[in-house]
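On a predicted model such as this, the values are computed, not experimentally measured, just so you know. Every chain is numbered from 1 and lettered A, B, ... according to where its sequence line falls, protein lines coming before strand lines.
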Amino acid sequence: MDSNTPKKQGGSLGESQSNRGASWAEKTFLAICYAALGLPLLLLVVLIVDVVIDGWPRLNWAFLTNYPSRKPEMAGILPALVGSAYLMLLTAAIAIPLGVGAAIYLEEYTRPSRITSLIELNISNLAGVPSIIYGLLGLELFVRAMQWGRSVVAGAATLALLLLPAVIMTAREALRTVPHSLREACYALGADRWQTIWRVVLPMSLPGILTGVILSLARAIGETAPLVMIGALTYVAFLPNSLKSPFTALPIQIFNWVSRPQAGFHTNAAAGIIVLLALMLALNGAAIWLRVRLQRRMDW
Amino acid sequence: MSSETAIPRSVAARIPLRAPRSLRERLVGVVLLVCAACSVITTLGIVLVLIVETTAFFREVSFRQFFGDIQWTPLFAKKHFGIWALVSGTVLTSAIAILTAVPLGLMAAAYLSEFANERIRRLLKPSMEILAGIPTVVYGYFALTFMTPLLQKFIPSLAGFNALSPGLVMGIMIFPTVASLSEDAMYAVPTSLREAAYALGATRLATTFRVVMPSAFSGIGASVILGVSRAIGETMIVAIAAGQQPRFTFDPRVPVETMTAYIVQVSLGDTPTGTLEYRTIFAVGMVLFVFTLALNVVAHRLRQGVLKDSVQ
């Protein structure tokens, strides 16, 4: 093994090898590799710059506080912003207890059996189901069967089911990071299983769980297809005032504007996208900040 | 994506499971089991909803009308239910996406696993993940207002809605999936194999292509299949930029409609629930679900094979 390869596996056996005496074939190959990595990242930059150039002139206080309008220059995203906020809070309120509960069950409360492996297989399969299929489920189950209508709570319940696999997986990972010795110490002091989980394991794994949940929410805030299925409205001139009220959300509003032929609405869509990306960035930042902060407190 | 089965169980699970002492313990156990069961109920719910509505659909439309026709016009007066028109749209856009994502993804993976040093690897892998986190409605906007006009400069016959532009953008979206999972598979190839190749006088390039990639084949295969599955299920990019004209074609320049885009189109209109038109979206959803589930199961099998190999 070479000195600069602390890892046990993987390539780059000798770093020196790559620089000295690399054949032309290898140099060509490396050039192709740089292009393969660079091209998508370049497109990412182009995408962001393109959106900012298109949308920046439209972005002002009125845009954030106005209701939608037939005239693109009058239209704003207030109901969409408020709708998205309601949606995220409700989604979190449903997905966190269910997801963390399932994770605790699988990690702490039971030992491997046929049931747990069935649940595990099921979760990994659910993670691969396209989001629009969740929309179909939400449409039949929440909108029709439970008669919640095309409401905020139906949208949130659908998004919560969509997030569940991700929340369960991150929560399980967080639970696994708690050292076994702590649980043993707890049992030795006479605590029962629930006391151990509630007082020791959960507080210890909280940073990991919260980070995972916030990252999942950052993804959910951009989910469009399931909400289109649920029937989130595209023209909403009021703010949601109860669980059952009709609603719109930021990605739905963007989709609506993109689908219109007038250039003015495309500008609005670009401005909406800037807001959406900023919100996602903020959530991601919050997750990182939270992890660092809570981890520091946990140090001993 | 994967359910790691080889993880050591926590202590609590190793404590002999006698009947819990207190009522509270038992109650908590039941509540937690219900939480865990929710995911199973979700799956059952999806399957049940699709089966019920699809059965109702096939009571009115025969299998021959569905699988033996290449026209899809359920919303018109003269109705045709040939699913192949939608399948061809899906296959076309997904194929373009895969042809974009796989070469790029494999090259990126080979570089990160075999050539890049640890610092570059740690920097680039999360940067690629940003691409996977961009909302698809944003990609749709990008495909429609940037990529299509750009491509039209080179291909004048390209329509305003087409399969090419959303396909390419979708390829960029699934590139991180392919790159990241293939990289994991290549990185997990034992160093001894590489050392053996070097000892035989192979160059790094030859080692990468003749030793590492074949050894990681099942992992790379799984990454490609998961990429295909994501492309097939992707909705907003194609709904925005590919158009809404179901047609049986493999011409990337003309408007097409994918299965997902059709479902969106119907749910945007005001089709009354319980009608045949309404049920078409569940029949299409069923086809979509079966496609993606089959791909995911194959990918899962392949990845399990990788895990077993790397243990040995």
- Item | Plane angle bin for Tyr141(B) and His266(A) - parallel if under 30°, tilted between 30 and 60°, otherwise perpendicular | perpendicular
- Task: Could you tell me the separation between the SG atom of Cys38(B) and the CG atom of Asn122(A), rounded to the nearest 0.5 Å?
- Result: 11.0 Å
- Item | Interatomic spacing from CD1 in Ile232(B) to CZ in Arg230(B) - rounded to 0.5 Å | 13.0 Å
Heavy-atom proximity to chain B below 4.5 Å, by part of [X]:
| X | result |
| --- | --- |
| Ala218(A) | neither |
| Leu136(A) | both |
| Leu164(A) | side chain |
| Pro165(A) | neither |
| Leu277(A) | side chain |

Residue [X] versus chain A: region with a heavy atom under 4.5 Å:
| X | answer |
| --- | --- |
| Leu106(B) | neither |
| Glu183(B) | neither |
| Leu33(B) | both |
| Ser229(B) | side chain |
| Thr235(B) | side chain |
| Phe289(B) | both |
| Leu48(B) | neither |

- Query: Does the distance from a Lys or Arg side-chain N to an Asp or Glu carboxylate O, for Arg183(A) and Glu107(A), drop under 4.0 Å?
  - Reply: no
- Short N-O contact, Asp184(B) and Arg303(B), less than 4.0 angstrom: no
